[in-house]
Amino acid sequence: NMSTFKRKRGGPGPGDKKSKKVKFVADVSEPPAETNQEKTNEVTIPPPVSMGKWTNKERVLIFSSRGINFRTRHLMQDLRNLMPHSKADTKMDRKDKLFVVNEVCEIKNCNKCLFFEAKKKQDLYLWVSNSPHGPSAKFLVQNIHTLAELKMTGNCLKGSRPLLSFDPKFDSEPHYGLLKELFTQTFSTPRYHPKSQPFVDHVFTFTIADNRIWFRNYQIIEEDASLVEIGPRFVLNLIKIFQGSFGGPTLYENPDFQSPNMHRRQIRLAAAAKVREKQMVKELQKMKKAEANVAVDKDVTADVFLTPAEEKPVHIQTEAPEPKVVKKNKHKAFKRQRMQMARR
């Protein structure tokens, strides 16, 4: 058993970063050890991790515009819980320009910003910005799943520092490299932050697939180092990268990006084309039925069995025909005689 230490008045406090030397106390039943062994029993305990100096003063402002739905609100709250170096603010009015966000960051003493912008109550855009000098990136957020879903069975300590795992494709192209640096400075919890915990028990993964960035959060299980998803999860579709914060010259524009308005328009056009095709099929069926109901006056195949008759010379009658002579039967009895014969 290790001996316990009590801090005396005027001695070193818990905030000191000096290491301690601890001696092992031998049991009473055992014989006393030699003086040379006492030196070997001393163990040096390193200073606590949380007692270091907080030098990286990164602060992230996470807030949104008006008009967001409940799913976006829960996503913002999940990110605030996962990032102890984040700050919150009230929703920004739609009439305000995006440059006002830089002033809000300055008031809140934040140098990074995650701004959720809602449009048409159905489209969600995310601005990741380095305030106030830039750069900044605009994304379309898709497939949002929050921490409250039952499929997310993982769990982690609140305020613990995460590992950041990036896809190897982030090092292949320059705009992905810029986004990697921006995500690293924004999502990584600064070391020795007062609200953070000195544990590493979860990992943020950024994967590139289908020209989109897929965000996942996994718990690291200590027993076998397997991963269990915690949440939240969402997909970022890159639109543009600007040189300044919320504006400025365009550094990169995604050629594969399709606006949600155009996507919905194509869906409507495809549905309208299907309806027109069904109407044309119905009209063709009606025309075929009308043709089938027409009565055929003359049988076309009846002339096959007709044989032409022999031609006879035309006889022209010039004289009137002779009157016919009606011959009476003299032996025929009269009607009265026939009736008398019948009575007999």
Side-chain angles (χ1 to χ4, degrees), residues 2 4-7 11-22 43-63 73-89 105 108-114 116 126 128 130-131 144-166 180-207 214-234:
M2 298 178 64
T4 57
F5 286 83
K6 291 184 180 180
R7 185 171 64 92
D16 297 337
K17 293 181 288 185
K18 296 180 180 179
S19 60
K20 299 179 181 180
K21 291 185 178 180
V22 180
V43 177
T44 303
I45 299 177
V49 182
S50 59
M51 297 303 175
K53 189 177 181 181
W54 178 33
T55 57
N56 184 11
K57 299 300 179 78
E58 295 281 350
R59 297 182 181 90
V60 183
L61 179 64
I62 303 177
F63 73 121
R73 188 173 66 252
H74 290 179
L75 175 63
M76 278 199 315
Q77 190 61 39
D78 294 344
L79 291 177
R80 288 169 184 168
N81 292 333
L82 290 173
M83 301 163 64
H85 61 295
S86 63
K87 288 189 176 183
D89 194 28
C105 292
K108 289 284 184 177
N109 196 17
C110 296
N111 50 3
K112 296 289 186 299
C113 180
L114 293 178
F116 291 90
L126 173 63
V128 183
N130 183 20
S131 178
I144 299 175
H145 297 273
T146 58
L147 272 169
E149 297 196 8
L150 298 177
K151 293 182 180 179
M152 312 290 188
T153 58
N155 192 9
C156 67
L157 182 67
K158 184 177 180 180
S160 60
R161 303 180 66 224
L163 295 175
L164 297 185
S165 173
F166 288 94
K180 179 180 178 181
E181 184 64 27
L182 193 60
F183 289 154
T184 303
Q185 296 182 14
T186 304
F187 288 95
S188 61
T189 303
R191 195 178 182 188
Y192 304 126
H193 191 277
K195 292 184 180 180
S196 66
Q197 299 292 336
F199 302 102
V200 178
D201 57 354
H202 65 113
V203 53
F204 291 161
T205 62
F206 297 88
T207 311
W214 302 66
F215 175 85
R216 296 290 184 271
N217 180 21
Y218 295 101
Q219 175 195 359
I220 304 173
I221 300 179
E222 296 180 0
E223 286 78 9
D224 52 355
S226 61
L227 299 179
V228 180
E229 188 170 1
I230 304 174
R233 59 161 65 172
F234 52 88

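Being a predicted model, the structure only gives us computed values, none of them experimental.
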Taking all atoms of both residues into account, what is the closest heavy-atom pair of Leu164 and Ser188, and its distance?
-> CD1-CB, 3.8 Å
Residue set satisfying ring-ring contact (aromatic ring centres under 6.0 Å, His included) with Phe234, at least two apart, ordered chain then number -> Phe215
Check salt bridge (charged side-chain N to carboxylate O under 4.0 Å, His left out) between Glu149 and all other residues, then give those that pass, not counting sequence neighbours.
-> Arg71
Please tabulate, for side-chain N and O atoms in residues 82-89, each donor-acceptor pair with protein atoms closer than 3.5 Å (sequence neighbours left out).
from, atom 1, to, atom 2, distance (Å)
His85, NE2, Thr186, O, 3.0
Ser86, OG, Met83, O, 2.7
Lys87, NZ, Lys108, O, 3.0

Listed by chain and number, what are the side chain to side chain donor-acceptor pair (under 3.5 Å) partners of Glu181, not counting sequence neighbours?
-> Gln185
So how far is it from Ser226 OG to Gln219 CD, rounded to the nearest 0.5 Å?
-> 8.0 Å
4.5 Å side-chain heavy-atom contact, Glu58 and Asn111 | yes
Beyond-backbone contact of Ile220 with Leu163, side-chain heavy atoms, under 4.5 angstrom | yes
Validation row: Ile144, Pro232 side chains within 4.5 angstrom (heavy atoms) = no
When rounded to the nearest 0.5 angstrom, what distance separates CD1 in Ile62 from CZ in Phe116?
-> 7.0 Å
Which heavy atom of Asn217 sits nearest a heavy atom of Gly231, and at what distance?
-> ND2-O, 3.0 Å
Does Glu229 have any side-chain contact (heavy atoms from CB on, under 4.5 Å) partners at least two apart in sequence or in another chain, and if so, which?
-> Met152, Arg216, Tyr218, Arg233
Sidechain-backbone polar pair: His202 side chain, Ser160 backbone, donor-acceptor under 3.5 Å | yes
Mind checking the CG-CD spacing from Leu79 to Gln77? Nearest 0.5 Å is all I need.
-> 9.5 Å
So, for Lys112 and Asn130, which heavy atoms are closest and what is the spacing to 0.1 Å?
-> NZ-OD1, 3.3 Å
Evaluate side chain to side chain contact (heavy atoms under 4.5 Å, CB included) for Phe204 paired with Phe183, printing each intermediate quantity in order.
-> CA-CA 10 Å; Phe204 291 161; Phe183 289 154; over 6 Å; no
Quick one: are Asn56 and Tyr192 in side-chain contact, heavy atoms under 4.5 Å?
-> no
Atom of Glu223, atom of Ile221 and distance for their closest heavy-atom approach | OE1-CG2, 2.9 Å
Other residues, nucleotides, ligands: >12 heavy atoms within 6.0 Å of Lys151 NZ = no
Could you tell me which residues satisfy ring-ring contact (aromatic ring centres under 6.0 Å, His included) with Phe63, sequence neighbours excluded, listed by chain and number?
-> Phe115
Side chain to side chain contact (heavy atoms under 4.5 Å, CB included) between Leu114 and Leu61: does it pass, once the steps are laid out?
-> CA-CA 6 Å; Leu114 293 178; Leu61 179 64; over 6 Å; no
Does some side-chain heavy atom of Phe187 sit less than 4.5 Å from a side-chain heavy atom of Phe206?
-> yes
